Amino acid sequence: MSSYPLFDAFPRLGVFPRAGLLHGATPVQPLRGYDTVWIKRDDLSASDYGGNKIRKLDLLLARAAADDRRDLVTFGYSGSNFVAATAWHGRKLSLTTHAFLLPQADAPYVADNLATGLHCGAELRVGRSQPAVVAQALACSLRVLARSGRAPRWIPPGGSTPLGALGFVNAAFELRQQIDAGELPVPQRLYVAFSSMGTVAGLAIGLALAGLPTRIEAIQVVGPQFASRDKLDRLVQRTLALLRRTDPAAAPARIAEVDIRTEFFGEHYAVATDATKGAMQRFAAATGAHSDSAYSGKALAGLHADLDAGTVHEPVLYWHTFNAHGRPAGVAPLSKEALRDYVLGG
């Protein structure tokens, strides 16, 4: 099965370089105990450090390297899987990551992700507000420019640019291949975390382009200042514009329906509600896979709420976005003292 069935279907899209981080389709499997629920295991997207962000990074890192940008500036919360994945995979292409972070509540994965970034030589700086983080990033960019003569490549949180979103247009074509191969039925609904929006924007375009009637249940896991209907619509339109410029035939006239659900967010980013904790425990018992309190746990809470309400009668798909591997081999754990600099209340 091709790693880029979208590019196979629309060869003109092959102008976009790839970093070679993807090694085939991520598996699908039924959720034990339910006849109508399947899981897309994007936590297994790479053998060393996975998660859904790899789909975006495969395109974003390759573009930076092709443009001879050796430094990357990116953003996230202190436990960001995206920041850790950028540092880990960017190092393979001799790219240096400079990440500017907002503090978050502590969780088991936070120290591992910070340790991964530091192990890769990433610069990790914490700001107490969005303006402070942006000011730090600007100062860093000027230093890089003065040192190297080249500005760093800025990558927004989660890698959610039009180019990054193409990774999930492609993911919808990968799903179509798996459906055609009989690995799962056509899902009528798809449950996924809604944060930096690139995953949902790409899937909304890709599902329609691949001819799938699937509706997206986008479970909000960040505040409205980061993700909203208006912001999603703008990213979708920018991604469609990129497709039209490259191959007009690859830009669908419509996109999949997206239902943004905010009732599972709770009060704060990455703070698990009781529903989140219960859904994470049920998922672990059924699959043996890990989830997190920031993203996948809240998406699972949305799925299980509908299952418990008896409203799931047709096939549905849960898209699991977390990294399955934890702290990579050879990465030393972060001390409790060092962790205090990055978490709320530290």
Side-chain angles (χ1 to χ4, degrees), residues 31-34 37 39-43 49-53 76-85 101-116 126 157-158 190-197 199-200 217-228 259-309 312 316 318-327 333-334 336 339-346:
L31 179 62
R32 192 178 68 193
Y34 298 95
V37 184
I39 309 164
K40 180 66 167 160
R41 294 289 304 270
D42 260 20
D43 57 325
Y49 192 101
N52 69 318
K53 310 302 187 188
Y77 281 96
S78 52
S80 168
N81 286 304
F82 178 73
V83 168
L101 311 171
L102 290 170
Q104 68 169 82
D106 194 11
Y109 63 90
V110 174
D112 285 346
N113 283 343
L114 288 165
T116 299
V126 177
L190 187 158
Y191 292 77
V192 68
F194 183 59
S195 53
S196 62
M197 302 177 295
T199 298
V200 172
E217 302 286 340
I219 311 299
Q220 183 114 14
V221 301
V222 294
Q225 70 271 35
F226 298 116
S228 67
D259 185 10
I260 299 173
R261 301 177 61 177
T262 62
E263 65 266 35
F264 304 101
F265 175 55
E267 295 184 6
H268 300 288
Y269 172 80
V271 177
T273 64
D274 288 342
T276 301
K277 294 175 184 176
M280 291 171 66
Q281 291 169 356
R282 290 166 71 175
F283 184 69
T287 66
H290 299 291
S291 55
D292 67 300
S293 59
Y295 297 94
S296 55
K298 293 181 180 182
L300 284 164
L303 169 65
H304 280 289
D306 288 356
L307 290 170
D308 292 346
V312 178
V316 300
Y318 162 65
W319 204 291
H320 191 45
T321 58
F322 194 51
N323 165 42
H325 306 295
R327 178 163 41 88
L334 192 70
K336 291 183 179 179
L339 180 62
R340 292 194 188 103
D341 294 334
Y342 296 97
V343 298
L344 293 170

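Everything quoted here is computed from the prediction, not taken from an experiment.
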To the nearest 0.5 Å, atom CH2 of Trp319 lies from atom CG of Asp42 at 5.5 Å
Intermediate values then yes/no, side chain to side chain contact (heavy atoms under 4.5 Å, CB included), Leu114 and Leu339 | CA-CA 8 Å; Leu114 288 165; Leu339 180 62; 3.8 Å; yes
Rounding to 0.5 Å, atoms CD (Gln281) and CG (Leu300) come to a distance of 12.0 Å
Under the criterion side chain to side chain contact (heavy atoms under 4.5 Å, CB included), I'd like the reasoning laid out for Tyr191 against Val312: C-alpha separation, chi angles, the key distance, then a yes or no. CA-CA 12 Å; Tyr191 292 77; Val312 178; 4.1 Å; yes
The reported gap from CG in Asn113 to OH in Tyr49 (rounded to nearest 0.5 angstrom) is 3.5 Å
Rounding to 0.5 Å, atoms CZ (Phe194) and OG1 (Thr199) come to a distance of 10.5 Å
Gln220 meets the side chain to side chain donor-acceptor pair (under 3.5 Å) criterion, sequence neighbours left out, with none
Salt bridge (Lys or Arg N to Asp or Glu O under 4.0 Å) pairs touching residues 274-289, sequence neighbours excluded, are Arg282-Asp308
Nearest heavy-atom contact between Ala279 and Gly297 is CB-O, 4.1 Å
Residues passing the salt bridge (Lys or Arg N to Asp or Glu O under 4.0 Å) test with Arg261, sequence neighbours excluded, are Glu217, Glu263, Asp306
One should read off an interatomic distance between Asn52 CG and Lys40 NZ, to the nearest 0.5 angstrom, of 12.0 Å
Tell me, with the steps shown, if Tyr342 and Val110 meet side chain to side chain contact (heavy atoms under 4.5 Å, CB included). CA-CA 9 Å; Tyr342 296 97; Val110 174; 5.5 Å; no
Closest heavy-atom pair, Ala193 versus Val200, reported as atoms and distance to 0.1 Å, is O-CG2, 4.0 Å
Applying salt bridge (Lys or Arg N to Asp or Glu O under 4.0 Å) to Asp112 and not counting sequence neighbours gives Arg327
Practice task
Test Phe322 against Asn81 for side chain to side chain contact (heavy atoms under 4.5 Å, CB included), laying out the working first.
Solution key: CA-CA 8 Å; Phe322 194 51; Asn81 286 304; 3.7 Å; yes
(message) Just checking Phe283 against His320, ring centres under 6.0 Å apart?
(response) yes
Nearest heavy-atom contact between Lys53 and Ser196 is NZ-OG, 4.1 Å
Q. Are side-chain heavy atoms of Val316 and Val37 found at a separation under 4.5 Å?
A. yes
Between Ala299 and Val192 the two heavy atoms that sit nearest each other are CB-C, 4.0 Å
When rounded to the nearest 0.5 Å, the distance separating CD1 of Ile219 from CZ of Phe264 is 5.5 Å
On a heavy-atom basis, the closest approach of Arg41 and Ala289 is NH2-CB, 3.7 Å
Checklist entry - Any donor-acceptor pair under 3.5 Å linking the side chain of Asn323 with the backbone of Gly50? => result yes
By ring-ring contact (aromatic ring centres under 6.0 Å, His included), Tyr269 pairs with (sequence neighbours left out) Tyr77, Tyr295
Shortest non-hydrogen pair, Ala270 vs Tyr109, comes out as CB-OH, 3.9 Å
message: Treating Lys298 as the side-chain partner and Phe265 as the backbone partner, does any N or O pair qualify as donor plus acceptor under 3.5 Å?
response: yes
Sorted by chain and residue number, the salt bridge (Lys or Arg N to Asp or Glu O under 4.0 Å) partners of Asp292 (sequence neighbours excluded) come out as none
Note to self: Within the supplied structure, the quantity of interest is the number of heavy atoms (other residues, nucleotides, ligands) at a distance under 6.0 Å from His304 NE2; does it exceed 12?
What the structure shows: yes
